[in-house]
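When reading the values below, keep in mind they use all heavy atoms of this one structure, side chains included, and skip hydrogens, waters and symmetry mates. Position 1 is the first residue of the sequence; numbering continues from there.
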Amino acid sequence: MSEMKFLGNEFYRAIIMLLLPYLVCPLPKEYNQGRTTYIVHMDKSHMPAVFEDHQEWFSSSLKSASSSAQMMYVYSSAIHGFSTSLTDEEAKTMARQTGIVRLIPETRYELHTTRTPDFLGLGNSERFLPTSTSQSDVIIGLLDTGVWPELKSFDDTGLGPVPGTWKGECEAGTNFTSSNCNRKLIGARYFYKGYEATLGPIDETMESKSPRDDDGHGTHTSSTAAGSAISGANLFGFAPGTARGMAEHARIAAYKACWMGGCFATDILAAMEKAIDDGVDILSMSIGGSITDYSRDIVAVGAFTAMTKGIFVSCSAGNAGPDSGTLSNVAPWITTIGAGTLDRDFPANVILGDGKNFTGASLYSGKPLPRSLMSLVYAGTNASSSMTEGNLCMGDSLNPRYVSGKIVVCDRGGNSRVEKGLVVKKAGGKGMILANTEAYGEELVADAHLIPAASIGQKAGDWIKKYISSTSNPKATIGFSGTQLGVEPSPVVAAFSSRGPNPITPEILKPDLIAPGVNILAGWTGRVGPTALETDTRHVSFNIISGTSMSCPHVSGLAALVKAAHPQWSPSAIKSALMTTAYTVYKNGKMILDIATGLPATPFAYGAGHVDPVAALDPGLVYDATVDDYLDFLCALNYSSELIKHTTNQEYSCSSKMTYSIGDLNYPSFSVALETSTGKRGSNAVKTVKYIRTVTNVGTPATYKASVSSYTKAVKVTVEPNFLSFSKLQEKKSFTVTISAISMPSGTASFDHLTWSDGKHTVTSPIAYTWT
């Protein structure tokens, strides 16, 4: 299921929200006739000397457990092992063999522009950007639903030869040949064995068994990250302009591991491994699920190996907001991206018979409604007698007797937003007002409706329903205003964007950043219409959709720009540059807002802030981290050597002579868990914690001074030393942050910022405090 479907089909969204804790649990064996698919993680150091190579050893181990099972994938980079399907008894036999690290049951993951370059400051700052030549040396791998290669976003005009570091291929398959690749789209692969082992053969009448993208999600993300510049881009006249990716000269490699039935761990791991071996520099993955341990999360496991190879991994935070603790992809070696809005809207005006006028959003492009007012009804009071939730405009829920010829108010939720309009149309309705309920607040997501329709916020929806019930002849009409630029305030955090705190390790602040993820225009598949509904026969080259799936490739492309400017930087240095230069206030000095509450957002919603790519090219200082730093982080989590091997595919033993601290990971942000207690005399106890951080000078020699915001009066923060003087590039300096907190009511959270400044650079880290 694609991100577009995940957000656009409210019925599926509701089901997914209910099932989220189980989405990445082992799938039931009934899907595969009594067999379960496993990733068999092997310890390469245990291979008996009688075998000439590891694949021979894998094959022998499998035959010892099963006479009929076949290896699906052999893994040698991300982990050491293979995948196969086994009965319960065969799995038990396999698990008892020497050299088996773990059997990991198959798990399912879900898939979580013309304006954004200017909005991000790239359009007016080209002189600061790395050259097109250096950009073209960077390869972005996108693990998604594939690619629609004929799209002009993948035109290779002006690009030189493919980088010599590239070792990938352009795999042929259904409706896809090796000639579909070029100097822009330099590689394309597809991975389906895990899918078919679980759900059976791919229905090739519905989707291509090849890298071709029949869904649209993968084409949208890849063109967002690095699409070539295309003038005249738009969706039905909306959002007109030149569409280009964040790193428009970078190369693209597509790895199709997601299908209509979902994305499966065996296929994901195989795709990640190929991307690593092929030589990508950036790996972008707009997928995720709910997993409670890094060692069981295949995305985290594969990302660790990618990080050790110098690959920057960017992942979407998820679309389960605004509830707290709903994040995906929270491993510290992954850059986790939430979603914000642009300064662009697609306004639609709802005019009532009482003179009230409400502004909503719509991408409707057909014949408009008459200017004269029409009869208005609420679906909740005019549903078919057999429907208990007629307010949602579910299929066949509306009584034509009451809605024919009228505008119908439908509540959001339960089924696709666009599908509601079709239900209204089938019952004879002429237009639709889609009203947010409390779960969606004031968030407006524009849709390419098939009838005249507008989405409105909860407050407007409540007023309109009240108006309908207050008069015997309610009337309304809907007008459409095209594209509006310069909308303020912007950005605001999207309501759907998943929130912290980090559900696995609260001491690591997540998400890391937010980037544009609402109403994003980018390339689209030629297979389905913009709504992906079977009844939508329209075909477009560009589509406007929303989700953290859209914000993730923005950061992937921006990371490619930083990589092009600083090819020697590690993934953690690139992450640091993006985080410490992010902004949290508007130009007027006010804090970025959260659309879910209408109040200032917090680092649990935006992490370090909204990405600022031009500033990230020259951050001044970076918080770098080595592979050993992350291994020590796992030691601080009390991971055994065996569990570390599960997670990292590396041999590492935690020293009994060392005291490991999660907070000492050299991370560009701070998340502080504080305990409160009351002494015998009723006095508040003080909790003190210390963090050691090291920064590396990547700018001109300078002296930096530390300052800490004083938003949280109950906490005292000291930084020692308070000044750091650098005399050369790559010089490192360490400092200690001491946080002393007075007791506060349990269950609260507050926030500060630590900033190092030399007068030119500001290197800022958020600090989140939680009291328990």
Side-chain angles (χ1 to χ4, degrees), residues 1-9 110-117 140-155 184-185 188 207 211-230 233-236 238-239 241 243-248 250 252-260 263 284-287 314-316 319 337 339 342 344 363 418 445-448 494 496 515-532 536 538-557:
M1 183 183 299
S2 74
E3 180 101 1
M4 199 281 295
K5 294 174 186 173
F6 183 44
L7 288 176
N9 191 319
E110 298 295 337
L111 291 164
H112 278 161
T113 144
T114 55
R115 183 63 182 171
T116 48
I140 304 176
L142 292 108
L143 194 156
D144 214 298
T145 63
V147 65
W148 193 263
E150 292 83 7
L151 198 68
K152 290 183 179 180
S153 296
F154 307 119
D155 180 51
K184 179 66 173 181
L185 178 63
E207 56 186 332
R212 181 167 293 278
D213 177 20
D214 299 306
D215 177 276
H217 190 277
T219 300
H220 200 279
T221 56
S222 56
S223 57
T224 297
S228 300
I230 306 298
N234 67 88
L235 173 65
F236 303 133
F238 292 98
R244 60 189 178 97
M246 299 302 98
E248 62 177 299
I252 294 171
Y255 298 86
K256 182 176 178 179
C258 293
W259 305 82
M260 290 183 181
C263 322
S284 184
M285 297 188 291
S286 293
I287 59 174
S314 176
C315 291
S316 50
N319 301 324
I337 313 301
L342 292 173
R344 178 181 66 194
L363 296 171
V418 177
V445 177
D447 293 297
F496 61 76
V518 178
N519 295 332
I520 304 301
L521 182 118
W524 197 243
T525 175
R527 177 67 181 267
V528 298
T531 65
D536 189 355
R538 299 171 295 178
H539 290 283
V540 296
S541 296
F542 296 89
N543 198 10
I544 296 173
I545 57 177
S546 301
T548 56
S549 272
M550 284 62 255
S551 55
C552 171
H554 276 88
V555 171
S556 302

**Q** Within this structure, what is the CG-OG distance for the pair L185 and S153, rounded to the nearest 0.5 Å?
**A** 11.5 Å
**Q** Go through the structure and list residues passing disulfide (SG to SG under 2.5 Å) with C258, not counting sequence neighbours.
**A** C263
**Q** Which distance, rounded to the nearest 0.5 Å, do you find between the CG of L235 and the CZ of R538?
**A** 7.5 Å
**Q** If we ignore hydrogens and angles and just use 3.5 Å, is the side chain of K152 paired with the main-chain N or O of A229 as donor and acceptor?
**A** no
**Q** Among D447, L363, D536, which one satisfies side-chain contact (heavy atoms from CB on, under 4.5 Å) with V418?
**A** D447
**Q** Tell me, which pairs form a salt bridge (charged side-chain N to carboxylate O under 4.0 Å, His left out) where one or both residues lie in residues 519-530, sequence neighbours left out?
**A** D214-R527
**Q** Determine the minimum heavy-atom distance between G523 and F542, stating which atoms define it.
**A** N-CD2, 3.8 Å
**Q** Check step by step if side-chain contact (heavy atoms from CB on, under 4.5 Å) holds for T224 and M550.
**A** CA-CA 8 Å; T224 297; M550 284 62 255; 5.9 Å; no
**Q** How far apart are the closest heavy atoms of A448 and T531, and which atoms are they?
**A** O-CG2, 3.4 Å
**Q** Compute whether any side-chain donor of one residue and acceptor of the other, for S284 and S556, lie under 3.5 angstrom apart.
**A** yes
**Q** Atom OG1 of T548 and atom CG of N319: how far apart are they, to the nearest 0.5 Å?
**A** 4.0 Å
**Q** What pair of heavy atoms forms the shortest contact from G557 to A247, and how long is it?
**A** O-CB, 3.4 Å
**Q** Could you check if a side-chain atom of T221 sits within less than 4.5 angstrom of a side-chain atom of C552, using non-hydrogen atoms only?
**A** no
**Q** What's the shortest heavy-atom distance between T145 and G216, and which atoms?
**A** OG1-N, 4.3 Å
**Q** Indicate the atoms forming the closest heavy-atom contact of A233 with A243, along with that distance.
**A** CB-CB, 3.5 Å
**Q** At what distance, to the nearest 0.5 angstrom, does CD1 of I230 lie from CD of E248?
**A** 9.5 Å
**Q** I287 versus L143: any side-chain heavy-atom pair under 4.5 Å?
**A** yes
**Q** Can you list the residues that meet the side-chain hydrogen bond (donor to acceptor under 3.5 Å, both in side chains) rule with S222, with sequence neighbours excluded?
**A** none
**Q** I'd like to check the side chain to side chain contact (heavy atoms under 4.5 Å, CB included) partners of A225; sequence neighbours left out, ordered by chain and number.
**A** I140, L142, P553
**Q** Please check if the side chain of H217 supplies one atom and the backbone of D144 the other of a donor-acceptor pair under 3.5 Å.
**A** no
**Q** Donor-acceptor pair, distance only, cut-off 3.5 Å: does the side chain of H554 make one with the backbone of P516?
**A** yes
**Q** Would you mind checking if E150 and R212 are paired as a salt bridge, meaning a charged N to carboxylate O distance below 4.0 Å?
**A** yes
**Q** Could you state the interatomic distance from OG (S223) to CD1 (I252), rounded to the nearest 0.5 Å?
**A** 7.5 Å
**Q** Quick one: CG on N543 to OG1 on T525, what's the gap to the nearest 0.5 Å?
**A** 10.5 Å
**Q** How would you list, by chain and number, every residue that makes a side-chain hydrogen bond (donor to acceptor under 3.5 Å, both in side chains) with T219, sequence neighbours excluded?
**A** D213
**Q** For the side chain of W524 and the backbone of G529, is there at least one donor-acceptor N/O pair under 3.5 Å apart?
**A** yes
**Q** Identify the two heavy atoms, one from N519 and one from R344, that lie closest to each other, and give their separation to 0.1 Å.
**A** O-NH2, 3.0 Å
**Q** Keeping the roles fixed (side chain from E207, backbone from W259), state whether a donor-acceptor pair exists under 3.5 Å.
**A** no
